[in-house]
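Remarks on the structure that follows.
Residues take their numbers from the sequence shown, with the count starting at 1. Atoms within each ligand, like the ligands themselves, are counted from 1 in listed order.
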Amino acid sequence: MKTIALKFGGSSLASAAQFEKVRSIIERDPARRYVVASAPGKRNNADTKVTDLLYLCYELAVLRENFESALTKIRSRFQDIITELGIEFDLDPEIETIRNHLLASPSRDYLASRGEYLNSKILAAYLGYDFVDPATCIFFTDNGRFNAEKTNYVLKAILADKERAVIAGFYGALPDGSVKTFTRGGSDVSGAIVARAVGADVYENWTDVSGMLVTDPRIVEKPKPIKRITYRELRELSYMGASVLHEDAVFSVRKANIPINIRNTNAPEDEGTWIVPHQSEYDRPGMITGIAGRKGFSSLFVEKSMMNQEVGFAAKLLQIIAAYGISFEHVPSGIDTMSVIVSASDLEAHRDEVMKDIEMSLKPDTVSVSDNIALIAVVGHGMARSKGIAARIFSAIAKADINIRMIDQGSSELNIIIGVDEEDYEKAICAIYDELKDGIK
Ligand code: ASP
């Protein structure tokens, strides 16, 4: 039988009306058996997430200030859901446990996890499913790293006994049994862990958008949706700022070759975006998958005549940067010149020392820094071995009267990175999208 693991985000479970949508989505396909739930999110723009209210309670409790009003808000968020759904659920003992914890010696992670814990228990009661507390089956090591293999072993065994279950997202336990959370948005990670443990055919990630878009809708009006993207393409785009999934969510499902389908709880008929393990470049020749970018880079330029004959010059330059904890993004080079593109804020803290060290140990003819550089990544397996895409991108940028500061093509031919002045960033993205949009299916 086909098995689907699903995760519903905070906005998908923010109110009783959203719970009803979630139930009808689950009931539409009997394969939807293992459900991971977030804490109630925002019902509207002015609303506060339950997780944020829990963090607030913690902060107040640590300062020995009164947290009752925040706790009352949390209580009423859950009570409203319970009452409107008309289910039996005894909330008061749960709130009492949280209060007692706040009054004793509160743990930040334990408190933050209570949103997922309670929402999942309520959802399990509503669906008539078993509830699984991840403190018993998702593990971290002593140094706080996720323990993937132990978790998979134990969680697999626990879920094998259950036909259907709701598992709380966002947390697990340290070796001493105390609760530890993932970073914010971590229910995405829990969903992927569950998908791997049950050997799911698909990991459905239900949220409030119909998947990913080819580029940033704040820059390009109504960009096309991305229908299919590989894990690697996703990684490239996420690194450059596209966000829809928690970065660590891909790890578990990628290991098990499970595709992720991003779906919209408020528009369940939309197909959403498929994140797949592989996609041949021959599938979509000449097509790009996405365009993303970021501002905030600086370029360190070094020139020295006969640099090409000095063995180890590049290594020394990179070592100087590394010694200040600065990592580099790209290193375009010529015969006697090298540039290193780094994050402007990382460089700022050590700019003078870095320049001095370069002068002293490399004795260059020139060393200088240009600031305010934006990087744009055009990503797609479909670009590999297809002719003419780069030419179209560059002539579109030239036609928009934008000067290109840097070009780098990844060796996998999966991406082309273009550096432009920050003031040209939005215009360049629009020019690239307009040029290539008709080819995107
Ligand atoms: N509730 C947590 C947060 O707000 C985790 C999640 O929703 O994934 O970050």
Please assess Tyr34 against Tyr129 for the test ring-ring contact (aromatic ring centres under 6.0 Å, His included), listing each intermediate value before the final yes or no. CA-CA 9 Å; Tyr34 299 101; Tyr129 285 16; 8.7 Å; no
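Between Arg263 and Asp270 there is no salt bridge, since no side-chain N of the basic residue sits under 4.0 Å from a carboxylate O of the acidic one. Contact check on Arg77 versus Asp47 returns a salt bridge, with a Lys/Arg side-chain nitrogen under 4.0 Å from an Asp/Glu carboxylate oxygen. Contact check on Lys121 versus Glu94 returns a salt bridge, with a Lys/Arg side-chain nitrogen under 4.0 Å from an Asp/Glu carboxylate oxygen.
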Within the protein, flag every N or O under 3.5 Å from an N or O of ligand 1, and note the pair and distance.
residue: ligand 1; atom: 1 (N); partner: Thr51; partner atom: OG1; Å: 2.8
residue: ligand 1; atom: 1 (N); partner: Glu116; partner atom: OE2; Å: 2.7
residue: ligand 1; atom: 4 (O); partner: Arg184; partner atom: NH2; Å: 2.9
residue: ligand 1; atom: 7 (O); partner: Ser38; partner atom: OG; Å: 3.2
residue: ligand 1; atom: 8 (O); partner: Gly185; partner atom: O; Å: 3.4
residue: ligand 1; atom: 8 (O); partner: Gly186; partner atom: N; Å: 3.3
residue: ligand 1; atom: 8 (O); partner: Ser187; partner atom: N; Å: 3.0
residue: ligand 1; atom: 8 (O); partner: Ser187; partner atom: OG; Å: 3.1
residue: ligand 1; atom: 9 (O); partner: Arg184; partner atom: NE; Å: 2.7
residue: ligand 1; atom: 9 (O); partner: Gly185; partner atom: N; Å: 2.8

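Residues that satisfy the side chain to side chain donor-acceptor pair (under 3.5 Å) test with Arg28, not counting sequence neighbours, are Ser24.
Atom CZ of Arg228 sits about 8.5 Å away from atom CE of Met287, to the nearest 0.5 Å.
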